[in-house]
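Residue numbering restarts at 1 for every chain, and letters A, B, ... go by the order of the sequence lines. Keep in mind that what you see is a predicted model, and the values were worked out from it rather than measured.
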Number of protein chains: 2
Amino acid sequence: MGSSPARKRGPPGTSALPEEPTQARRFGKARSAQSAALLEDYAELIADLLANAGEARPTDIARRLGVAHATAVKAIARLKREGLATARPYRGVFLTDAGQRLAERVRARHRLVVDVLRALGVPAEAAEQDAEGIEHHVSDATLAAFARFLAER
Amino acid sequence: MGSSPARKRGPPGTSALPEEPTQARRFGKARSAQSAALLEDYAELIADLLANAGEARPTDIARRLGVAHATAVKAIARLKREGLATARPYRGVFLTDAGQRLAERVRARHRLVVDVLRALGVPAEAAEQDAEGIEHHVSDATLAAFARFLAER
DNA sequence: CTGAAAGTGTAGCCGTGGCTACACTTCCGG
DNA sequence: CCGGAAGTGTAGCCACGGCTACACTTTCAG
Ligand SMILES: [Mn+2]
Ligand SMILES: [Mn+2]
Ligand SMILES: [Mn+2]
Ligand SMILES: [Mn+2]
């Protein structure tokens with residue numbers, strides 16, 4: 001292995017396009033951002049329910065997310081496993097300190113993304129819709145640029 | 001069912017916040033955008049390999065995506081199932097007409113997202129990184145707004 | 001021309017995130 | 001105060017997208 005290539009390959013260092021490891025790293029980060037997205041949405045939603053309704057019940061969470069209650073329950077179990085939430089049987093779901101911090105960060109990001117989209121001329125409903133997905137793929141550097149843009153425009 | 005609510009519920013039409021069905025619809029759309037994301041990335045990448053290397057082999061695709069070749073093969077099987085690609089055993093992967101159209105749309109979106117991020121002051125590598133995820137959540141309305149913004153600025 | 005390296009295909013494992021079905025608990029309305 | 005509706009928990013199904021392992025095919029260096 002490594003002594004006789006099976007097929008042609010351009011001389012190393014000749015490609016002017018994105019190199020393989022770079023692109024692979026980007027895709028990998030996008031994949032992990034995706035896996036965090038679900039937890040982020042749950043944390044944000046649970047915080048919202050706790051603040052606006054006083055409690056967060058699995059069925060309420062499920063209804064807001066548009067999934068079956070059993071689906072929400074399994075996601076809540078994952079939140080608990082990751083130390084973001086706790087729950088008392090038949091008494092609702094609560095956020096740990098880590099969960100609350102996550103929820104706050106997520107809410108701030110969500111609002112900032114919506115504001116930038118609106119500032120760029122995106123119609124209100126499209127901005128809300130797209131932000132729900134985009135918010136999970138915005139790095140701190142991009143977030144900072146967004147804030148600067150809104151301040152300076 | 002429907003004649004005796006088990007728990008308190010605010011009077012209908014009183015909530016000033018996003019109504020439940022609206023939010024559920026947004027989350028649902030975000031979920032389906034997510035499931036399309038993988039196909040979009042594969043289509044874009046395969047088109048790129050076909051154009052720049054003359055052929056798209058499972059191992060090349062896998063290396064560029066940073067996954068095992070067996071993972072790429074299974075995704076390619078899904079592309080075939082959905083009518084986006086074809087493959088000849090041991091001879092590489094090809095795009096159907098539908099696959100090529102998808103790849104072109106995806107590439108255009110990808111570039112537009114990167115350009116907007118750059119225009120907003122996001123550093124180059126962060127823009128490339130974030131675009132890889134954001135691109136799958138940009139609606140036509142948002143895309144149009146992005147194009148207008150770049151033209152008018 | 002041939003043998004070994006690289007590439008390819010396939011099987012099977014796991015975790016996630018959807019779902020339905022069903023039993024158990026809570027909580028009101030009468 | 002009690003019976004039924006709503007809510008809750010749990011089990012089990014499926015598709016997807018990762019992975020490793022292993023057998024088979026192709027290709028090229030010698
Ligand atoms: Mn979201
Ligand atoms: Mn959000
Ligand atoms: Mn992408
Ligand atoms: Mn892309």
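The side chain of A:T71 places an N or O atom within less than 4.0 Å of a non-bridging phosphate oxygen (OP1 or OP2) of C:dC19. Checking the phosphate oxygens (OP1, OP2) of C:dT8, a side-chain nitrogen or oxygen of B:T59 falls inside 4.0 Å. Residue A:R57 places at least one side-chain N or O under 4.0 Å from the OP1 or OP2 atom of D:dT8.
If you check residues 84-92 of chain A against DNA chain D, the residues with a heavy atom closer than 4.0 Å are A:P89, A:Y90, listed by number. Residues from residues 130-139 of chain B placing a heavy atom under 4.0 Å of any atom in DNA chain C do not occur. Within residues 72-83 of chain A, the residues having any heavy atom under 4.0 Å from DNA chain C are, by residue number, A:K74, A:R78, A:R81.
Under the 4.5 Å side-chain criterion, counting only non-hydrogen atoms from C-beta, A:T59 is in contact with A:R63. For the pair B:V93/B:Y42, no side-chain contact is recorded, criterion being any heavy-atom separation below 4.5 Å from C-beta on.
One interatomic measurement links the two molecules: CG of A:L49 to P of D:dG7, which rounds to 14 Å at whole-angstrom precision. Nucleotide C:dG17 holds its P atom 15 Å from the CD1 atom of A:I61, rounded to whole Å. Spacing between atom CZ of A:R31 and atom C1' of D:dC16 amounts to 14 Å, rounded to whole angstrom units.
Comparing A:A70 and B:A68 against DNA chain D, the residue whose closest nucleotide sits nearer the 5' end is A:A70. When each of B:H69 and A:Q34 is assigned the nucleotide of DNA chain C with its nearest heavy atom, B:H69 is the one assigned upstream, toward the 5' end.
Contact between A:L95 and A:L50 at its shortest, heavy atoms only, is N-CD1, 4.2 Å.
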Show me the side-chain donor-acceptor pairs of residues 112-131 of chain A shorter than 3.5 Å, one per line, residues at least two apart or across chains.
from   : atom 1 : to     : atom 2 : distance (Å)
A:R118 : NH1    : A:V122 : O      : 2.7
A:E125 : OE1    : B:R26  : NH2    : 2.9
A:E125 : OE2    : B:R26  : NE     : 3.3
A:Q129 : NE2    : B:R26  : O      : 3.0
A:D130 : OD1    : B:S139 : OG     : 3.4
A:D130 : OD2    : B:S139 : N      : 2.9
A:D130 : OD2    : B:S139 : OG     : 2.7
A:D130 : OD2    : B:T142 : OG1    : 2.5

Under 3.5 Å, which donor-acceptor pairs link side chains of residues 68-87 of chain A to any protein atom two or more places apart or in another chain?
from  : atom 1 : to    : atom 2 : distance (Å)
A:R78 : NH2    : A:S35 : O      : 3.2

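Applying the side chain to side chain donor-acceptor pair (under 3.5 Å) criterion to B:R31, with sequence neighbours excluded, gives no partner residue. Taking A:E40 as the reference, A:R109 meet the salt bridge (Lys or Arg N to Asp or Glu O under 4.0 Å) condition, with sequence neighbours excluded.
Under the 4.0 Å criterion applied to side-chain N and carboxylate O atoms, A:R64 and A:D48 are assigned as salt-bridge partners.
Listed by first and then second residue, the ring pair (Phe, Tyr, Trp, His ring centres under 6.0 Å) pairs that reach into residues 88-145 of chain B are A:H137-B:H137, sequence neighbours excluded. Annotation: salt bridge (Lys or Arg N to Asp or Glu O under 4.0 Å) contacts involving residues 138-151 of chain A, sequence neighbours excluded, are absent. Every pair tested for side chain to side chain donor-acceptor pair (under 3.5 Å) that includes a residue from residues 92-103 of chain B fails, sequence neighbours excluded, so the list is empty.
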